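Notes to accompany the following structure.
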Protein chains: 2
Amino acid sequence: MTTPPLGLRDQKKMARREAMIQAAVRLAVERGVENALIEDITAAAGVSHRTFSNYFGGKAEAIAAKHLDRARGVAEVLRGRPADEPLWDAITYAALSPYRADKKSPDPEWTASIRLMTSEPSLLGEFLKTNAVAERELADVVAERTGTKVARDLYPRLVAATVWAAVEVATDKWLSTAKPAPITQLVRNALRQVAAGLPDPSAD
Amino acid sequence: MTTPPLGLRDQKKMARREAMIQAAVRLAVERGVENALIEDITAAAGVSHRTFSNYFGGKAEAIAAKHLDRARGVAEVLRGRPADEPLWDAITYAALSPYRADKKSPDPEWTASIRLMTSEPSLLGEFLKTNAVAERELADVVAERTGTKVARDLYPRLVAATVWAAVEVATDKWLSTAKPAPITQLVRNALRQVAAGLPDPSAD
DNA sequence: GGGGATCTTGCGTGCCGCGCAAGATTGCGT
DNA sequence: ACGCAATCTTGCGCGGCACGCAAGATCCCC
């Protein structure tokens, strides 16, 4: 996506960021969020305690960072879709795009972070914030596509909110089911339902 | 609602809680969230610094408390609706119920706290958490009503999520518009749209 | 009216976010 | 090739906060 020839400076920056995120998730999973001190995380990532604060507002933000990157990608992919493609087809494609990169099943580090954030109350707020950011950006793109205005019309925000709700619910079901259907199928299904409206219960 | 003859003990408890919430919102609005120290809040409420921590997990939780109470009421009202009432009629009634108590326009302290939470990043997470809690409870009631199961079917959670999204978007528009239509009308409108599905932009 | 339960309060501790200034490292023009 | 300037990391320190603990106050109920 963003490949303006990256300087050495920014390369190291990315590497440090990635190292911190990875260490944060790993340690939080291993020993629990409360017991994974920032000091431990920065030690594992090979940076100073103080540097962590330059990158993230807190432990939760670091853990949520991967999910944030993934979520923002959805809006970005939607923006890249041809303008004449039907809206909900484009949305479905975009919503599934994060899973296309994954080889077989989704990135285990990503799923681990999701489980963590949805189970630990101290992380839940940050998790919801990332979704809110992504939803906002999605609304912007939907507005562009449909000739509506976020500030004026309810439509783009309602679409973005329902889309994200569908993704969210589908993901949650996928995570909490013993032998779940492929997550792409669950997402597709949920999107079909919200697009069509929800007057009555329909089978999954 | 809950009127088992309240003891003196619980009366004082409620009063303290209310005093802290009110002081928290007021001071946070007056001088900014960061500058409203917990010490100040507790001083204004006439309780100890330590007592605050017994009631709330943090400043954000105290500020969000009023909204949380309001939001949970929606699910509770829905549960009280007759079983043979059409689902979306009952939902609409329940979603509008918080505003029925307000005399003319919504409780100014409530609107103030909403503005605060949606504008201050440090509060946004807690705000979204309260909505998530309310959404969860709403999903439970929807499941009861429709004979579905939250753990099995996507339907109740999708309904709850879209309903809450509609309320959220409508509220946000009401707050950000110079001379807005009545909030009840905006909510009703948003609910109609999500219930019917969102294939194409429709006028508000 | 008294015993037991519940809650507030004060104290102490460890963690965290951030301001500040100094030192290190990279980018870039010449 | 080199040095200057910009950027960033790092160490230090401080104020604020969440929470455990024990003692004292308050209320419930018999």
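Just so it is clear: chains get the letters A, B, ... in the order the sequence lines come, proteins before strands, and each one is counted from 1. Since we're looking at a predicted model, the values are computed, not measured.
Across the protein-nucleic acid pair, A:R16 atom CZ and D:dC8 atom P stand 10 Å apart, rounded to whole Å. What separates CZ of B:R17 from P of C:dT8 is a distance of 13 Å, to the nearest Å. What separates NE2 of B:H49 from C1' of D:dC21 is a distance of 14 Å, to the nearest Å.
Contacts of residues 51-65 of chain B with DNA chain C (heavy atom under 4.0 Å): B:T51, B:N54, B:Y55. Residues from residues 34-46 of chain A with heavy atoms under 4.0 angstrom of DNA chain C, sorted by number: A:L37, A:I38. A heavy-atom distance below 4.0 Å to DNA chain D is reached by none of the residues of residues 118-130 of chain B.
Checking side-chain atoms of B:T162 against main-chain N and O of B:V159 turns up a donor-acceptor pair under 3.5 Å. B:R145 contributes no side-chain N or O that, together with a main-chain N or O of B:L87, makes up a donor-acceptor pair within less than 3.5 Å. No donor-acceptor distance shorter than 3.5 angstrom exists from the side chain of B:N189 to the backbone of B:Q185, with no hydrogens or angles considered. Using a distance-only test at 3.5 Å, with no hydrogens or angles considered, no donor-acceptor pair links the side chain of A:D172 to the main chain of A:E168. Using modelled atom types, no side-chain atom of B:K173 and backbone atom of A:L154 make a donor-acceptor pair closer than 3.5 Å.
Under a cutoff of 6.0 Å and an axis angle of 45°, A:R17 and A:F56 do not form a cation-pi pair. Stacking of B:R81 on the aromatic ring of B:Y93 is recorded, both the 6.0 Å distance cut-off and the 45° axial limit being met.
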Cut-off 3.5 Å, no hydrogens considered: what does the side-chain donor-acceptor table look like for residues 18-29 of chain A, sequence neighbours left out?
from, atom 1, to, atom 2, distance (Å)
A:R26, NH1, A:E30, OE2, 3.1

Sequence neighbours excluded and cut-off under 3.5 Å, please list the side-chain donor-acceptor pairs for residues 128-143 of chain A, or say none.
from, atom 1, to, atom 2, distance (Å)
A:K129, NZ, B:P121, O, 3.1
A:T130, OG1, A:F127, O, 2.6
A:N131, OD1, A:H67, NE2, 2.9
A:N131, OD1, A:W164, NE1, 3.1
A:E137, OE2, A:R72, NE, 3.0
A:E137, OE2, A:R72, NH2, 2.7

Inset, instruction - Any chance you could list the contact pattern along nucleotides 19-30 of chain C? Use B for base contacts, S for sugar-phosphate-only contacts and - for none, protein heavy atoms under 4.0 Å, 5' to 3'. - result: BB----BBS---

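Nearest heavy atoms, A:L198 versus A:Q193: CD2-O, 3.8 Å.
Classification of B:D40 and B:K59 as a salt-bridged pair fails, no side-chain N sitting under 4.0 Å from a carboxylate O.
Residue A:E85 qualifies as enclosed at atom CD: its count of foreign heavy atoms under 6.0 Å is above 12. Around the CD atom of B:E39, the shell of radius 6.0 Å holds no more than 12 heavy atoms that belong to other residues, nucleotides or ligands.
In this structure, B:S48 reaches the C:dG10 phosphate: one of its side-chain N or O atoms is under 4.0 Å from OP1 or OP2.
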